[in-house]
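Note that the structure is predicted; figures quoted are calculated from it, not measured.
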Number of protein chains: 2
Amino acid sequence: MRPRDEQKEATIREKAIEMIVQEGFDGFSMQKLAKAAGLSASTIYIYFKNREDLLRQLYLAVDEVFAREALRHFDPAMPFEDGLWLQWKNRYRYILKHPLYFHFSEQFRNSPLIRQQDLHTPAFRSAMQQFVRNAVQRKEVAELPAEVFWAAAYGPFYILVQFHLQQSGMGGKPFSLSEQKLKQAFQLVIKALRP
Amino acid sequence: MRPRDEQKEATIREKAIEMIVQEGFDGFSMQKLAKAAGLSASTIYIYFKNREDLLRQLYLAVDEVFAREALRHFDPAMPFEDGLWLQWKNRYRYILKHPLYFHFSEQFRNSPLIRQQDLHTPAFRSAMQQFVRNAVQRKEVAELPAEVFWAAAYGPFYILVQFHLQQSGMGGKPFSLSEQKLKQAFQLVIKALRP
DNA sequence: GTTTTAAAAGAACGAACATTCGTTTATCTT
DNA sequence: AAGATAAACGAATGTTCGTTCTTTTAAAAC
């Protein structure tokens, strides 16, 4: 029997993400994807059940990479400031390395295609919860409702990143957020969260 | 001659926004919109040049309402803390009053359909710029790169709002962010931005 | 009340859509 | 080398898409 071509599936995934970032869900079709990937439309159905399944799988795969990169070298037992900065830097590095992936997931954020509960893996969520519990216990941060805390801890990060991502457009222009500005924003967050 | 039916155009706009919030750009079509609005598809083309024009007009109209509401009772000369809190409350009220509108604009945020520069009217942008210039001059806030400043001033707000918006889903469930939590987040932001 | 005009409807257009089907092709097993 | 099997393809399915055309309808102007 003939084996599956791993390179082929990888190409489908890459081109699909590219197309969605450039044209949105709206402009994304199986036939255009087939043409972009240089294969027949029916071949896509060997690797993915249907359009919806393809989108779902893409999202899950991208989110999994994100979760892995965000938690790199992270331990929920870390001192709060170190741990939060590590996560900021990890996410920053992820976005520099995979701007398309990041842009792609952002398309899902407010779309009806993915339920909120599907965002991030359970392991990721529980690691983050433990991290905050520790920080509160050690009185490194003020005690706050969870969503207020996360909004303060990551809101500035995401707004900053989104701004620079849009500045860079989708052409070749590089992502221009400097680590210095990132650090500046981070210092503000730390000041805000101190007890 | 027969006059245009203003009610008809209003219905088209409302139903279009509803449909986009519920099904995304992907699931939005002229024919489904016609059926939902109870008229012929060709009638839509009396009020809007085409699909793209319809989306553009919807976005501009919604954004105009937002800008008006956000600036309600606002003056760039206000003391910083008062002015920023007023804007937070204005935006909060806007989202409570028009959750669909807000959800609708969020769909555009990372989509290729609207250029970043089209976000918000020039009047809105310049009012905000003047507001910060004044605050810096009076040493009410630290001097920071513009995007770092805005990220810190509004990041927590938007993350908080997005979280509660997703919690409420799109069914009848009410938008559940309390003004108390809003105020808590605001206090953190003020603490962060002080010189 | 007739004429004028544009709104509104409905049918129709080709194009593009997601998906399936039958055939061909490439690779593994024997 | 022959046979088995699933990958890969091209063609075709029926549906839905955005938009236009033709006709009908309703209101304003006379």
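- Mapping heavy-atom proximity under 4.0 Å, the span of DNA chain D touched by chain A runs 5' to 3' from dA4(D) to dG10(D).
- By the 4.0 Å N-to-carboxylate-O rule, R68(A) lies too far from D63(A) to be salt-bridged with it.
- R133(B) and Q137(B) are not linked by any side-chain donor-acceptor pair at a separation below 3.5 angstrom, with hydrogens and angles left out of the test.
- In this pair, F102(A) and Y94(A) present their aromatic rings perpendicular. The plane angle is above 60°, beyond the 30 to 60° band.
- Applying the ring pair (Phe, Tyr, Trp, His ring centres under 6.0 Å) test to pairs two or more places apart or on separate chains, those with a residue in residues 3-49 of chain A are F25(A)-F108(A).
- The stretch residues 42-57 of chain A touches DNA chain C through S42(A), Y45(A), N50(A), R51(A), each having a heavy atom within less than 4.0 Å of the strand.
- Comparing F28(A) and M1(A), the nucleotide of DNA chain C nearest to each residue sits closer to the 5' end for F28(A).
- Put simply, CE on M19(A) is 14 Å from P on dA16(C), counting in whole angstrom units.
- A distance below 6.0 Å separates the ring centres of F74(B) and F131(B).
- Heavy-atom distances under 4.0 Å link DNA chain D to R2(B), P3(B) of residues 2-18 of chain B, given in residue order.
- Residue S29(A) places none of its side-chain N or O atoms closer than 4.0 Å to OP1 or OP2 of dA16(C).
- Q31(A) is linked by a side chain to side chain donor-acceptor pair (under 3.5 Å) to nothing, counting only residues two or more places apart in sequence or in another chain.
- Applying the side-chain contact (heavy atoms from CB on, under 4.5 Å) criterion to V132(A), with sequence neighbours excluded, gives V136(A), F149(A), W150(A).
- Ring pair F104(A)/Y59(A) is tilted by interplanar angle, where 30° to 60° counts as tilted.
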Stepwise ring-ring contact (aromatic ring centres under 6.0 Å, His included) test for Y101(B) and F66(B): CA-CA 9 Å; Y101(B) 284 11; F66(B) 171 77; over 10 Å; no
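- Figure legend: cation-pi geometry between K183(B) and W88(B) absent, as NZ or CZ is not positioned both under 6.0 Å from the six-membered ring centre and within 45° of its axis.
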